[in-house]
Amino acid sequence: GGRDAYAMLGAIYKGSAWNGVSPSRVQMESYTLLDANFTIDFGERMTGRVFAHNLTNERNELAISRNEATGEITKTIGRPRTIGVKFSYSF
């Protein structure tokens, strides 16, 4: 119907890495994140969008640390799969 539409698929890969240089350093695992979105314009003022972040629901480690005294490891994990719909209207 003469409407503009856009689709995007994106991937982010991060290889394994050490959290520092100290002897008690910990290695973080590699991960791949997949994102997708589809946008359609409904005329000049209205836009609809369907999106998904982290499609495979990867449990990715953003940061990791080890307590020197106890040896306990603490991890900061990225966001889980997120799926949504967004509508925009310009006045």
Side-chain angles (χ1 to χ4, degrees):
R3 295 185 175 105
D4 289 333
Y6 314 92
M8 184 190 78
L9 179 64
I12 299 169
Y13 172 78
K14 182 195 161 290
S16 62
W18 295 97
N19 72 331
V21 294
S22 70
S24 63
R25 67 185 181 173
V26 179
Q27 189 170 24
M28 297 186 297
E29 297 178 14
S30 64
Y31 61 85
T32 302
L33 300 179
L34 297 175
D35 296 340
N37 76 57
F38 178 75
T39 304
I40 188 166
D41 291 333
F42 298 103
E44 289 185 28
R45 296 181 175 215
M46 191 167 166
T47 302
R49 179 177 173 219
V50 177
F51 63 89
H53 301 293
N54 192 5
L55 276 168
T56 59
N57 203 27
E58 181 78 24
R59 189 162 191 223
N60 57 313
E61 298 171 351
L62 300 176
I64 190 169
S65 62
R66 180 191 310 236
N67 183 314
E68 297 281 341
T70 65
E72 180 182 4
I73 294 176
T74 303
K75 297 179 181 182
T76 302
I77 305 299
R79 277 199 260 179
R81 179 185 306 125
T82 305
I83 299 173
V85 177
K86 179 180 176 181
F87 289 100
S88 301
Y89 185 83
S90 298
F91 293 96

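Values in this document were obtained by computation on a predicted structure and should not be read as measured data.
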Exercise. Going through the checks in order, is the side chain to side chain contact (heavy atoms under 4.5 Å, CB included) test met by R25 and N19?
Worked result: CA-CA 6 Å; R25 67 185 181 173; N19 72 331; 3.4 Å; yes

With hydrophobic residues grouped by side-chain heavy-atom distances under 4.5 Å, do [X] and [Y] end up in a single group?
| X | Y | result |
| --- | --- | --- |
| V26 | I77 | no |
| I40 | F87 | yes |
| F51 | I12 | no |

Problem set entry | Residues, nucleotides or ligands: over 12 heavy atoms within 6.0 Å of K86 NZ | no

For this session: Please say whether more than 12 non-hydrogen atoms of neighbouring residues, nucleotides or ligands are located less than 6.0 Å from CD in E29.
Result: no

Rounded distance (nearest 0.5 Å) linking atom [atom1] of [X] with atom [atom2] of [Y]:
| X | Y | atom1 | atom2 | result |
| --- | --- | --- | --- | --- |
| I83 | N37 | CD1 | CG | 13.0 Å |
| T47 | R3 | OG1 | CZ | 11.5 Å |
| S90 | M46 | OG | CE | 11.0 Å |

Problem set entry | Residue pairs, two or more places apart or on separate chains, that pass salt bridge (Lys or Arg N to Asp or Glu O under 4.0 Å) and touch residues 60-81 | E61-K75

Exercise. Side chains of I64 and I73: closer than 4.5 Å at any heavy-atom pair?
Worked result: yes

For this session: Would you check if R49 and T39 make a side-chain contact, meaning some heavy-atom pair closer than 4.5 Å?
Result: yes

How close do [X] and [Y] get, heavy atom to heavy atom, and via which atoms?
| X | Y | answer |
| --- | --- | --- |
| L55 | D35 | CD1-C, 4.4 Å |
| L34 | A11 | CD2-CB, 3.6 Å |
| L62 | Y31 | CD2-OH, 4.1 Å |
| L9 | A36 | CD1-CB, 3.9 Å |
| T32 | Y13 | OG1-CD1, 3.2 Å |
| S30 | S16 | CB-N, 3.5 Å |

Problem set entry | Geometric class of the Y89/F91 ring pair [parallel <30°, tilted 30-60°, perpendicular >60°] | perpendicular

Exercise. Is it true that a side-chain atom of T82 and a backbone atom of P80 form a donor plus acceptor pair closer than 3.5 Å?
Worked result: yes

Exercise. In chain order, what residues pass the ring pair (Phe, Tyr, Trp, His ring centres under 6.0 Å) check against Y6, with sequence neighbours excluded?
Worked result: none

